[in-house]
Structure formats: C-alpha cells, structure tokens
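Comments concern the structure below.
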Number of protein chains: 2
Amino acid sequence: MRMGEGVEWGLHCCVTLGWLQDRAPVPIRRLAAWFDLPQEYLKKRLQPLARAGILGSGPGVRGGWSLARAPEDISVIEVVTALEGPLEAFRCTEIRRRGEGARDAGPEFDHLCGISTVMRRAELAWRRELAGQTIADLMAKAPDGAARTRRNYERIIASATD
Amino acid sequence: MRMGEGVEWGLHCCVTLGWLQDRAPVPIRRLAAWFDLPQEYLKKRLQPLARAGILGSGPGVRGGWSLARAPEDISVIEVVTALEGPLEAFRCTEIRRRGEGARDAGPEFDHLCGISTVMRRAELAWRRELAGQTIADLMAKAPDGAARTRRNYERIIASATD
DNA sequence: GAAGGGATACTCGGATACGCTATGTCCGAGTCGGACAGG
DNA sequence: CCTGTCCGACTCGGACATAGCGTATCCGAGTATCCCTTC
C-alpha cells in the first residue's frame with residue numbers, strides 16, 4: 001500500500017504558502033524551484049487542491065497560488081482526501097458471497113462483513129488522527145521555518161531577473 | 001491510495017481455514033473454488049502468509065493449506081503486513097531539504113519533519129486498530145459462518161469425483 | 001506379506017505477460033495586468 | 001492626461017507518453033502419499 005508523493009508535495013506547499021500569505025500569490029515556477037520539483041507535474045497535483053477549495057489560483061502576470069482559507073481552517077485530512085480521492089484503501093468486494101462457500105447462506109449475509117467492518121474502523125482511526133491536525137499545527141511544529149521561508153523568498157525575489 | 005485485493009482474499013482464507021481446522025489441509029484448488037478466485041494467483045498471494053508463519057502448506061496428495069497457529073494468535077495486522085509489505089503508506093522524501101527554500105536552514109532540519117510525524121502517528125493509530133483484532137475475533141463476528149462452512153465443505157468433499 | 005519403484009496430486013519458486021494507475025510532459029485556450037498608441 | 005488596444009505572463013484543462021506495480025498465467029522442480037509390481 002502506497003500513498004502518492006503528491007500528498008507530501010501538497011502538504012509542504014500548503015505550509016509554505018501559509019508562511020508566505022502576505023506575499024501570495026506564489027507562481028508555480030517559484031513553488032517548484034522552492035522544493036526542486038517538476039513544475040508541470042506539481043501544478044497538476046495542486047489543481048485538485050484548488051478544486052477542493054483549499055488553495056486558490058489566479059491567472060495573469062500577478063497570478064499564482066495561495067491558501068484559499070486560514071491555515072487553522074485546513075485540516076490535513078482534507079488535503080489527503082483531495083489528492084488521494086475519497087475512496088477507502090480497503091475495498092470490500094464481497095467475495096464471501098461468491099463461489100461454493102456461499103451456498104445456502106441464509107440471512108447471514110444481511111450483516112456487514114466482519115472483515116470489512118474491522119478494516120473500516122481502522123481507517124476511521126487513521127482519518128480521525130489526520131482530521132485533528134491543521135496546516136496551522138504543521139506551521140507551529142517548525143517555528144524556525146517561518147523566518148527561513150520569508151528570508152529566502154525575499155532573497156529570491158530580489159535577485160530575480162524579471 | 002489503494003490496498004491490494006490480496007488482503008481481502010487472505011483474511012477470508014484465514015477465517016475459513018480457522019473454521020475448517022479439523023479438515024485441514026485444504027488444497028488451493030478447493031480454496032479458490034470456495035471464493036470463485038483465480039487459483040494460480042490466489043496461491044501466489046497466500047505464499048507470503050506461509051513465509052510469515054501465518055499459514056502452513058504441505059505437498060503431496062494429502063497436502064494443502066492450513067493455519068500455522070491458533071486463530072487467537074494471528075492478528076489482522078500480521079496478515080496485512082505480510083501481504084502489503086512492512087513499509088508505511090506515506091514515505092517522507094525530505095523535499096524540505098531540497099531546492100531554494102532549504103538554504104541557510106541551520107539546525108532546523110535536525111528535527112523530524114512535522115508532516116512526517118503527523119502521518120506516521122495516523123498510521124500507528126491504524127495499525128493499533130488492526131493489531132487489536134485477531135482471526136478468532138473475525139470468526140466470532142460471523143457465528144453462522146462456521147456451520148455453513150463445515151456443511152458446504154462436507155458436501156463438496158462428498159460430491160467430489162476424486 | 002514386505003520391500004522397492006512408479007504414478008499421482010499437490011506445493012514451491014521463477015519467468016512471463018498484461019493492464020491500470022501514478023508519474024511526467026506538452027499544448028491550446030483563457031485571463032489578468034501592464035505597456036503602448038492615439039485622441 | 002485619459003482611453004482603448006495589444007502583448008506578455010501566467011493559469012487552466014485536456015491530451016499524450018512513460019514507468020512501475022498489481023494482477024494473472026504458465027512451467028519446471030521437488031515432495032509426500034498411494035498403488036502396483038516383484039521377491
């Protein structure tokens with residue numbers, strides 16, 4: 001089981017955009033150079049976050065990306081769900097109903113499959129953990145990050161040839 | 001993010017083998033027909049469970065598959081880990097250290113990445129849920145399953161041409 | 001009747017093929033802001 | 001100086017290409033059990 005790398009990218013971008021809120025919007029070109037990521041593909045991964053109302057983007061020469069809400073109002077699970085989709089990792093296909101083992105089952109299958117129930121409960125615990133953390137919490141976990149980010153961003157803007 | 005279907009297959013096979021412990025070992029041919037699954041591929045997915053000491057298999061005309069331990073001693077997380085691998089779903093690649101944003105970071109990066117920490121804690125909650133459930137618990141969740149399974153298995157054995 | 005050898009039914013492990021999804025790239029269309037020309 | 005037009009920068013969305021992994025199948029080798037032959 002593997003989570004796409006877009007989740008790591010998206011979360012780091014949200015945190016960085018939170019630190020640069022007063023310098024937003026940040027063009028995708030700067031954002032990609034910031035983490036040394038492929039620009040086109042990063043853009044493709046951020047678009048679902050805009051559709052989910054987490055990020056905002058604008059065209060034009062002063063366009064770019066920014067947080068669409070306050071960092072306190074964006075939970076980690078929202079970012080993960082927007083990037084990985086709403087479906088659960090474990091998907092019950094009801095194999096218990098198929099084949100020779102399913103004959104004459106009676107009302108037994110009216111109940112939810114026990115395996116499905118257990119897996120679902122585990123995923124709920126996982127989601128609950130991620131729902132309890134926000135972008136603001138992540139920003140607070142790296143107290144030096146805000147200063148470093150703003151300092152480096154100023155320098156890049158100043159040395160830019162454009 | 002998606003879990004392979006082998007997890008569902010493996011768990012159902014473990015539960016069924018728990019109910020058929022006194023009729024074990026069960027050949028892969030019967031197990032595949034039991035759930036209407038592709039025989040060769042099911043075999044391939046059960047092999048890691050044998051390597052993990054969860055299932056046992058034996059060759060020969062009386063060979064087949066059986067639980068290697070008591071159902072109470074097999075946790076769901078063991079089955080999942082054997083089939084999906086021990087790696088976590090979220091893998092931190094430390095993109096914070098790369099690119100223009102990482103310049104002059106100082107001792108900030110000595111600490112674990114906050115994003116990585118949050119994701120890891122969520123996965124631990126997920127594992128903890130699955131570690132608290134055993135194959136015996138799953139068997140108990142379907143009280144009618146034991147009788148149905150034994151009844152159908154007897155019938156199949158009796159009607160077999162071999 | 002006992003020992004030896006072959007047939008059978010199963011497992012194991014590796015090799016191979018296929019398809020889906022994640023990853024990565026490219027291009028045309030649309031939009032915003034600024035530059036520039038004309039009144 | 002004001003207004004209208006054009007241009008450049010940037011985004012969006014879709015189309016397309018590539019790679020990796022999950023899915024699926026097949027085959028040869030090994031082994032335990034059973035049966036049959038032979039003594």
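Just so it is clear, the structure is predicted and the values come from calculations on it, not from any experiment. Lettering follows sequence order; numbering is per chain, from 1.
Distance CZ (B/R30) to P (C/dT11): 11 Å, rounded to an integer number of Å. Here D/dG22 presents its C1' atom at 13 Å from CZ of A/R91, a figure rounded to the nearest Å. Atom P of nucleotide C/dT21 and atom CE of B/M3 are separated by 17 Å, given to the nearest angstrom. Whole-Å rounding puts the A/L42 CG to C/dA22 P distance at 17 Å. When the C1' atom of C/dG24 is taken as reference, atom CD1 of A/I28 falls 14 Å away, rounded to whole Å. Note: CD (B/E5) to P (C/dG19) measures 16 Å, nearest angstrom. Going from atom CG of A/L46 over to atom C1' of D/dG13 covers 15 Å, rounded to whole Å. The distance between atom CD of A/Q39 and atom C1' of D/dT11, rounded to the nearest whole Å, is 11 Å.
Contact annotation: A/R29 reaches the phosphate of D/dC10 (side-chain N/O to OP1 or OP2, under 4.0 Å). Phosphate contact (OP1/OP2 of D/dT23, side-chain N/O of B/Y41, threshold under 4.0 Å): present.
Not counting sequence neighbours, A/R98 has no partner by the salt bridge (charged side-chain N to carboxylate O under 4.0 Å, His left out) test. Applying the salt bridge (charged side-chain N to carboxylate O under 4.0 Å, His left out) test to A/R103 and every residue at least two apart in sequence or in another chain returns nothing.
B/I115 and A/I77 fall within a single hydrophobic cluster, where Ile, Leu, Val, Met, Phe, Trp and Tyr are joined by side-chain heavy atoms under 4.5 Å apart, directly or via other members. Note on A/Y41 and A/L55: same hydrophobic cluster, where clusters join Ile, Leu, Val, Met, Phe, Trp and Tyr whose side-chain heavy atoms are under 4.5 Å apart, directly or indirectly. Cluster membership check: A/L124 does not share its hydrophobic cluster with A/M3, using side-chain heavy-atom separations under 4.5 Å among Ile, Leu, Val, Met, Phe, Trp and Tyr.
Contacts of residues 75-89 of chain B with DNA chain D (heavy atom under 4.0 Å): none. Shown for residues 47-69 of chain B: residues whose heavy atoms fall under 4.0 angstrom of DNA chain D, namely B/P59, B/G60, B/V61, B/R62.
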So which protein nitrogen or oxygen atoms get under 3.5 Å of nucleotides 26-29 of chain D's nitrogens or oxygens?
| from | atom 1 | to | atom 2 | distance (Å) |
| --- | --- | --- | --- | --- |
| D/dC26 | N4 | B/E40 | OE1 | 3.4 |

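For the side chain to side chain donor-acceptor pair (under 3.5 Å) with B/N152, the qualifying choice from B/R148, B/R155, B/E154, B/R150 is B/R155, the only one to do so.
Within a 6.0 Å sphere centred on CZ of B/R69, other residues, nucleotides and ligands contribute more than 12 heavy atoms.
The shortest distance between side-chain heavy atoms of B/I74 and B/T134 does not fall below 4.5 Å. Looking only at side-chain heavy atoms (C-beta outward), A/R120 and A/F90 stay at 4.5 Å or farther from each other. Using a 4.5 Å cut-off on side-chain heavy atoms (C-beta onward), B/L42 and B/C13 make contact.
Every pair passing side chain to side chain donor-acceptor pair (under 3.5 Å) that includes a residue from residues 1-21 of chain B is listed here, sequence neighbours excluded: A/T93-B/E8.
If you check every strand for non-hydrogen atoms under 4.0 Å, B/R45 touches sugar and phosphate atoms only.
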